[in-house]
Amino acid sequence: MSYDFNTIEAKWQAYWAEHQTFKAQHNSELPKYYVLDMFPYPSGAGLHVGHPLGYIASDIYARYKRHKGFNVLHPQGYDSFGLPAEQYAIQTGQHPAITTQENIARYRQQLDKIGFSFDWSRELRTSDPNYYKWTQWIFIQLFNSWYDTDADKARAITDLEAVFASQGNARVQAVCDEDVSVFTAAEWNAMSSKEQQEILLQYRLTYLAETEVNWCPQLGTVLANDEIVNGVSERGGYPVVRKKMTQWSMRISAYAERLLQGLTTIDWTDALKESQRNWIGKSVGAQVTFSVKDADATIEVFTTRPDTIFGVSFMTLAPEHELVAQITTAAQKEEVAAYIEATAKRSERERMADVKTISGVFTGAYAEHPFTKEPIPIWIGDYVLAGYGTGAVMAVPCGDQRDYDFAKHFGIAIPNVFEGVDVAEAAFTDKEKTVIANSDFLNGLRYKKAVKTAIYELEKQGFGKGKTNYRLRDAVFSRQRYWGEPFPVYYVEGMPQMIDAAHLPIELPAIEKYLPTETGEPPLGRADQWAWDTKQHKVVGNDQIDHQTVFPLELNTMPGWAGSSFYFNRYMDPSNTAAAFSKEAVNYWKEVDLYIGGSEHATGHLLYARFWQHFLYDTGYVPVPEFAKKLINQGMILGTSAIVYRVSGTNTYVSKGLKADYEVEELRVDVNMVNASDELVLADLQQWQPQFKDAEFILEDGKYIVGREVEKMSKRWFNVVNPDGVCEQYGADSLRLYEMFLGPLEQAKPWNTAGITGVHNFLKRLWKLYHNGEAFAVTDAAPTKDDLKTLHKTIKKVEEDIENFSFNTSVSTFMIAVNELTAQKCTSKAVLEPLLVLISPYAPHIAEELWSKLGYTTSIANVDFPIFEASHLVESSKEYPISFNGKTKFTIELPLDMTKDAIEETVMAHEKTQKQLAGRTPKKVIVVLGRIINIVG
RNA sequence: GCUCAAGUGGCGGAAUUGGUAGACGCGCUGGAUUCAAAAUCCAGUUCUUUCGGGAGUGUGGGUUCGAUUCCCACCUUGAGUACCA
């Protein structure tokens with residue numbers, strides 16, 4: 001009976017579905033383990049072989065943990081709101097829900113063929129109203145919260161209102177808008193409701209504010225910072241401009257410090273933690289106030305080097321700084337205006353590309369040094385960014401290279417405040433070696449002490465204070481899109497009101513066209529039924545809006561990351577209709593133990609999800625502040641494109657080895673027409689595209705050899721390999737093994753279908769090991785010593801490999817084991833049965849089939865992992881290589897239980913050793929852990 | 001520029017509390033089987049060699065009896081970030 005993988009795989013996939021083999025138990029005595037993949041966005045193109053890589057790895061781990069006696073939660077779902085379905089809707093008029101539904105069906109079909117152990121009973125979709133009901137609910141919780149800096153956590157907004165009513169806001173320590181005005185309890189109580197709402201909005205964790213946003217005219221929406229790459233949109237590559245709009249924002253900046261600190265408690269890769277740290281961008285220093293001479297104005301600057309404050313010789317403002325117009329003197333007005341105009345014209349991209357050109361202009365105004373009272377010229381320059389810190393810097397040319405270059409360029413003085421350092425050529429930036437000089441009370445102090453002293457003096461004299469700055473900006477949460485979560489928000493007198501959670505979900509209304517309205521409103525502006533009736537608590541027609549009981553609803557929708565920021569918690573209790581998830585469920589499952597996904601989400605999804613989790617932790621809805629204990633980024637699988645060479649101006653194609661003799665153009669052709677030795681099957685090529693039908697070919701050794709190029713898998717390079725085809729031809733088990741065998745999980749690596757024959761042959765040999773011709777041939781014969789040795793070293797290695805996520809090396813281990821057992825003619829059940837359990841996480845279908853042939857009627861999935869017994873590996877003696885001066889000469893066989901001295905004595909007395917030494921006395925004999933012996937003569 | 005990761009045969013890659021480098025697979029070469037092919041099986045495959053050996057894990061140093069592994073400097077590649085005061 002041959003290895004009929006298609007039949008076997010279909011059979012067991014049906015079995016697992018029918019018996020719900022992988023359904024996670026709610027009430028279990030077993031310890032829990034939660035393995036999660038980043039859920040996919042179901043695109044129209046379907047899966048290629050790169051997509052399942054992470055899923056296969058997590059599946060192996062999930063199946064392994066099940067063998068190890070854990071109650072495993074391994075769910076899957078779809079991040080199904082998003083731009084592509086909407087773009088498709090704009091083009092075709094088809095409702096995105098239909099497109100999404102079709103894409104999901106295709107994804108599911110493809111996923112099912114690979115034999116994953118997902119608990120599909122917990123499937124969720126972010127675009128399902130039963131799911132986004134809870135996305136809306138969390139939004140309301142955020143709206144009803146503020147961040148108390150004293151308690152260092154989020155608190156209910158009602159607490160804040162109570163404080164305002166009894167003592168005003170002067171003593172409230174909160175993360176809020178910068179320009180909140182101070183008021184007393186009496187003033188608060190005298191305010192109108194609308195005035196109070198306006199103030200509260202400045203404290204809420206999600207708030208409405210006029211912000212400068214990244215507007216993409218082509219996509220008709222705003223984008224978050226992480227959705228922009230090199231100044232153009234990540235999706236589509238369209239230009240992005242700055243624009244002021246009223247938008248919902250998330251006060252993620254409140255959590256900057258906790259998001260930074262939390263990184264130390266989780267087992268994520270250093271690279272990923274590093275990019276989150278960069279993104280949060282903490283810098284510690286001081287805020288210093290400079291007063292402007294002859295003007296009623298002060299300039300706030302942020303500096304990380306308050307120790308160098310006596311080295312200030314000028315100040316620089318960003319061209320966009322609000323004081324520029326006010327302080328510029330009449331004489332300089334024209335020049336300044338020209339400069340501002342010139343910088344505004346330069347796109348973000350140009351400014352980024354051109355970092356070397358020094359430009360700036362003097363305003364004519366002077367500030368006063370807080371300590372020396374000397375005048376300091378105020379310049380503007382585009383190297384100062386309006387968006388960071390205060391948009392102004394105190395320039396210390398001796399201690400900062402950019403300030404130094406600026407000063408040199410414009411002939412500004414460079415006073416030196418460092419002891420024993422020459423600043424004639426460049427700034428001195430080494431903090432460790434800093435000793436301050438020429439600085440009054442800071443003289444002779446080292447960096448750390450000087451910073452402290454400077455801040456102390458600034459605070460004492462009222463010119464500044466110690467301050468920590470973060471680069472992390474609040475996240476814009478509105479999108480001018482249709483296919484996203486609607487906000488549970490309606491407006492009364494222009495102020496946002498939350499719909500009571502009891503009436504959620506607020507479902508997307510039907511609209512005719514998925515484009516912005518003629519007046520530039522978002523697509524929801526086209527809906528006829530988009531008003532909220534506060535009496536009936538339901539969505540009603542816009543014609544009923546009376547601003548008494550019926551009000552207009554929010555027209556924006558939520559961004560793509562909303563639904564993915566808490567889905568891992570929802571999987572714990574996916575069908576709960578009374579809550580996002582029950583206390584009981586989150587207290588049992590707690591957090592994701594292993595999360596696998598791409599590193600491209602480092603500063604997007606993975607940061608926002610941590611933010612929401614910290615917030616939910618503050619409010620007591622979840623028991624842990626970090627949602628994923630361990631995270632692994634799987635590397636991308638790249639395509640190996642095939643290239644043919646067309647002789648210029650002809651329809652003749654020359655084989656790779658001969659192309660040097662011709663002038664050629666490179667053309668990519670479908671990789672599926674090329675065999676393992678890079679030979680192109682010409683008959684297939686002529687079928688593929690009409691232009692090749694009567695093409696001529698210049699062959700080498702009768703073959704057409706293609707060129708190869710490793711690049712991203714993409715339709716346009718014709719290098720996409722589809723998993724369905726691989727499953728059909730070689731089977732899902734071969735696909736799974738091969739994806740793991742390609743190389744380390746976290747590395748990017750090229751796909752080459754040719755190599756799959758190696759693992760496929762292994763599966764055939766595995767099948768043969770359990771059969772003798774047609775008959776199943778496992779016996780009750782006692783295992784030999786060698787068989788047991790093979791089994792136990794395999795158990796040890798595979799267990800170590802899985803624990804270390806080195807799935808590639810255990811495939812090799814299986815191959816060695818099967819080769820050895822075949823050579824040893826092993827038929828013993830005592831060895832072949834546990835071997836199946838080892839292999840089953842990797843190749844579950846063949847393992848189940850052989851398992852059932854052993855006579856078992858239940859799935860192998862719940863069988864215990866075999867126990868490693870070291871005694872099977874112990875030998876009585878070992879061959880030791882003997883080296884002289886580091887060069888191995890011969891080996892000696894010695895018993896294992898010899899002491900170090902006995903080994904030395906035996907080796908020295910050995911005939912060959914004597915010959916080598918030839919009467920000389922060795923300087924040293926080295927015995928290391930009874931392993932290697934070296935004799936230095 | 002800064003931060004991080006990595007450089008091993010024709011290719012993907014093994015091997016690190018320092019101990020016989022190149023496991024395993026692909027490809028290639030030869031053989032068996034076959035009318036033939038596919039499939040399968042067996043043997044070989046780092047380079048070099050005058051067949052004794054010699055060289056060899058990006059380059060140059062260092063520590064060590066011994067270094068792919070540890071340390072220093074440099075080169076290259078990839079990823080992230082980018083005038084962050």
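Just so you know, these numbers come straight off a predicted model, no measurement behind them. Naming convention: chains lettered A, B, ... in sequence-line order (proteins, then strands); numbering from 1 in each chain. Hydrogens, waters and symmetry mates play no part in the numbers below; they use all other heavy atoms, side chains included.
- Side-chain atoms of A/F814 and A/V798, non-hydrogen and from C-beta on, do get closer than 4.5 Å to each other.
- Searching all strands for a Watson-Crick or G-U wobble partner of B/C65 with both distances below 3.5 Å returns B/G19.
- Searching all strands for a Watson-Crick or G-U wobble partner of B/C35 with both distances below 3.5 Å returns nothing.
- Contacts of A/N761 with the nucleic acid, taken as non-hydrogen atoms under 4.0 Å apart, involve only primed sugar atoms and P, OP1 or OP2.
- The side chain of A/T603 contributes no N or O atom lying less than 4.0 Å from OP1 or OP2 of B/G80.
- Distance from the side chain of A/N808 is smallest for B/G13 among the nucleotides B/C41, B/G13, B/C24.
- Checking B/C51 for Watson-Crick or G-U wobble geometry (two distances, each under 3.5 Å) identifies no partner in any strand.
- For A/F5, the ring pair (Phe, Tyr, Trp, His ring centres under 6.0 Å) partners are A/Y3, A/H760, not counting sequence neighbours.
- Under 3.5 Å, the side chains of A/D474 and A/S253 contain a donor-acceptor pair of N or O atoms.
- The side chain of A/T757 lies closest to B/G27 when the candidates are B/A85, B/G27, B/U40.
- Nearer to the 5' terminus of RNA chain B, by closest-nucleotide assignment, is the contact made by A/I756 (compared with the other of A/R765 and A/I756).
- Residue A/I816 has its side chain nearest to B/A23 when only B/A85, B/A23, B/A14 are considered.
- For the atom pair OG1 (A/T813) and OH (A/Y842), the distance works out to 8.0 Å, reported to the nearest 0.5 Å.
- With C1' as the reference atom, B/G56 and B/G7 are 15 Å apart, rounded to whole Å.
- A straight line from CD of A/E300 to P of B/A85 spans 18 Å, rounded to a whole angstrom.
- Taking atom OH on A/Y730 and atom C1' on B/C26, their separation rounds to 12 Å, with Å as the unit.
- Pairing for B/G44 goes to B/C28, judged as Watson-Crick or G-U wobble with the two contacts each under 3.5 Å.
- OP1 or OP2 of B/G13 sits under 4.0 Å from a side-chain N or O of A/Q747.
- Distance from the side chain of A/F741 is smallest to B/G12 among B/G12, B/A14, B/C84.
- In terms of the ring pair (Phe, Tyr, Trp, His ring centres under 6.0 Å) criterion, A/F741 has no residue partners (sequence neighbours excluded).
- Out of B/U40, B/C24, B/G13, the shortest distance to the side chain of A/P744 is found at B/G13.
- With both pairing distances under 3.5 Å, B/G9 is matched to nothing as a Watson-Crick or G-U wobble pair.
- Of all nucleotides present, none satisfies the Watson-Crick or G-U wobble test against B/C83 with each distance under 3.5 Å.
- In this entry the base of B/G31 is anti relative to its sugar, with a glycosidic angle more than 90° from 0.
- Place A/T303 and A/V759 on RNA chain B by their nearest nucleotides, and A/V759 ends up nearer the 5' end.
- Atom NZ in A/K282 sits about 18 Å away from atom C1' in B/U3, given to the nearest Å.
- Applying the 4.0 Å criterion to OP1 and OP2 of B/A82, one finds that A/R471 has a side-chain N or O inside that range.
- Taking only side-chain nitrogens and oxygens, A/K749 never comes nearer than 4.0 Å to OP1 or OP2 of B/G13.
- Within the shown strands, B/G78 is the pairing partner of B/C4 under the Watson-Crick or G-U definition, both distances less than 3.5 Å.
- With P as the reference atom, B/U69 and B/A6 are 13 Å apart, rounded to whole Å.
- Of the listed nucleotides (B/U81, B/G25, B/A23), B/A23 has the atom at the smallest distance from the side chain of A/S812.
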**OP:** Give the C-alpha distance, both sets of side-chain angles, the deciding distance and a yes or no for side chain to side chain donor-acceptor pair (under 3.5 Å) between A/D801 and A/T809.
**Re:** CA-CA 7 Å; A/D801 283 347; A/T809 49; 3.2 Å; yes
